[in-house]
Amino acid sequence: MAQKPSIPKGTRDFSPIEVAKRSYIINTIKFQFVKFGFQPIETPSFENSDTLMGKYGEEGDRLIFKILNSGDFLAKADKDAYKNEDSLKLTSSISEKALRYDLTVPFARYVVQHQNELEFPFKRYQIQPVWRADRPQKGRFREFFQCDADVVGSDSLWQEVEFVQLYDTVFTALQLEGVTIKINNRKILSGFAEVIGEQDKLIDFTVALDKLDKIGEQGVKDEMLQKGISEEALKKIQPIFGMKGTFNDKIAILHTILETSEIGKKGIEELQFIQKAISEMPLKTAVLDLDVTLARGLNYYTGAIFEVAAPNTVKMGSIGGGGRYDDLTGIFGLKNMSGVGISFGLDRIYLVLEELDLFPTTVSAATKVLVINFGEDEAMYGLKAVQKLREAGIAAELYPDAAKMKKQMNHANKRNIPFVILAGAEEIKAEVYGLKNMVSGNQEKLSLEDLIDTLK
RNA sequence: GUGGUUGUAGCUCAGCUGGUUAGAGUGCCUGAUUGUGGUUCAGGAGGUCGCCGGUUCGAACCCGGUCUUCCACCCCA
């Protein structure tokens with residue numbers, strides 16, 4: 001081989017142990033999704049470009065992987081666009097399909113397409129890979145898994161309450177303690193824009209505000225001024241920058257800022273509803289925190305906005321996010337269908353669990369017992385035991401070659417197989433099996449029945 | 001998409017201001033030990049120095065391009 005083969009930037013291979021650990025996370029999440037009443041669906045890895053394009057903002061469009069048309073795609077290409085070096089226009093003429101960018105938009109498409117078959121409110125979960133043509137960084141890949149749970153067809157704030165509980169339940173089950181579930185509400189942000197009279201600059205305003213913990217108060221103000229927001233406006237919302245204390249303390253501050261804004265007051269009400277419910281049913285390990293600077297997914301969120309931060313001992317971007325979108329299916333022609341959902345970032349949760357050493361040791365164990373191969377007769381005798389063990393639900397295997405004992409024992413060690421069976425002429429004659437515990441080194445001779453009982 | 005950074009044995013990394021045959025640890029193979037592994041000891045295999053080109057008498061080292069890694073921005077799980 002002249003050149004070592006490789007995989008594309010931002011993608012990864014997964015070894016057996018990595019797959020085992022990922023499965024552990026997925027199974028934990030899936031188990032809780034089911035307990036909360038969500039049903040699984042799957043959608044294609046690629047969609048028609050029209051379904052995805054324009055749904056994630058300009059930045060999002062850039063990050064969508066486009067699939068080149070098959071066949072003689074140049075024949076149908078937009079010649080003018082090519083001549084004018086108009087990449088955007090050319091792309092739409094040579095690419096009709098694109099890889100899934102998230103699970104929410106395909107879900108909206110699914111709901112609209114299957115609306116007559118669905119029973120509402122419809123609660124679905126979906127665990128599948130998504131692709132983004134982003135530049136990779138730590139915890140940021142071009143192919144990664146999202147684990148989404150969404151409800152459509154209900155305006156009820158009890159859904160938001162349940163999603164907070166779902167986050168708490170999953171991270172508790174993963175033994176990842178101390179995550180912060182940050183919550184905000186789009187109506188609060190709209191209220192801010194309203195009281196300063198800059199409704200049309202809502203996006204610029206919130207994008208700048210979102211950077212508070214990163215660039216600081218002055219940095220945020222500089223960026224707002226640069227976007228054309230007045231000094232006077234900044235004075236009105238000054239209390240935002242000093243927001244500290246408990247959830248209720250922050251609510252009190254919001255009341256003073258937003259007293260003239262109807263939509264802002266509606267946002268406060270919604271936050272209080274969720275807070276009250278959670279205070280009556282306390283979370284197990286997570287903390288619910290009001291963060292008015294949180295401004296994600298503004299292209300479609302209309303109510304609650306969620307983001308989950310890993311324990312602050314770990315340097316990692318958000319490990320989950322979500323929110324309420326009153327009209328997501330509207331873009332596909334189905335009006336008045338409110339949805340709310342959350343997402344778990346599998347790949348980032350993996351990195352966090354790895355860093356905090358939180359994977360259970362049982363995750364790595366696969367085969368429980370290896371039969372040492374001493375030759376043809378012994379292998380036959382051993383394989384008979386293997387068959388019985390497997391019937392009893394115990395993962396067992398026979399070393400295929402009559403290799404040196406040292407090599408076979410080493411093989412068991414390297415694969416973390418906790419037991420080996422040693423059965424030679426002597427054991428065959430006595431109709432027993434020598435079972436050796438590879439950790440303690442203890443060894444005993446057992447009948448087939450006792451062997452199965454011991455390994456069960 | 002913008003700016004920076006990284007790449008040497010399977011893995012983790014040394015390698016002087018460019019100088020002859022590129023090293024260590026670990027892992028791997030063999031033996032001490034032909035039915036008892038993890039320890040120890042001895043021996044051995046393994047590298048077009050990411051790739052392509054340039055400068056030079058001479059390049060792992062300097063220059064350009066490209067791929068990759070990680071980081072900051074943008075954005076985001």
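Being a predicted model, the structure only gives us computed values, none of them experimental.
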- Item | Derivation and outcome, salt bridge (Lys or Arg N to Asp or Glu O under 4.0 Å), residues A:K227 and A:E223 | CA-CA 6 Å; A:K227 295 286 185 184; A:E223 182 165 330; 5.3 Å; no
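At a threshold of 4.0 angstrom between heavy atoms, the contacts of A:G317 with the nucleic acid are absent. Within the nucleic acid shown, A:E427 comes within 4.0 Å of at least one base atom, counting heavy atoms only. Note on A:V352: nothing from the nucleic acid sits closer than 4.0 angstrom, heavy atoms only. A:G57 comes within 4.0 angstrom of no nucleic acid atom, judged by non-hydrogen atoms across all strands. Using a 4.0 Å heavy-atom cutoff across all strands shown, A:G322 reaches no nucleic acid atom at all.
Of the possible donor and acceptor atoms, none in the side chain of A:D61 sits under 3.5 Å from a partner among the backbone N and O of A:M53.
Remark: aromatic rings of A:Y56 and A:Y101 are close, center separation under 6.0 Å.
Ring-base stacking between A:F145 and B:A77 is not satisfied when judged by a centre separation under 5.5 Å and a plane angle under 30°. Here A:F374 lies parallel enough and close enough to stack on the base of B:G35, with planes under 30° and ring centres under 5.5 Å apart.
When the C1' atom is compared between B:G25 and B:U20, the two are found 27 Å apart, to the nearest whole Å.
Candidate nucleotides B:G35, B:C74, B:A77 were compared by shortest atom distance to the side chain of A:M405, and B:G35 ranks first. Listed nucleotides: B:C76, B:C74, B:U36. Nearest to the side chain of A:R62: B:C74. Of the candidate nucleotides B:A72, B:C76, B:C74, B:C76 has the atom lying nearest to any side-chain atom of A:R348.
For B:G27, neither phosphate oxygen OP1 nor OP2 lies less than 4.0 angstrom from any side-chain nitrogen or oxygen of A:K414.
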- Dot-bracket assigned to RNA chain B with the 3.5 Å Watson-Crick/G-U criterion, [ ] for crossing and | for other-strand pairs, is ((((..(..((((.....[...)))).(((((.......))))).....(((((..]....))))))..))))....
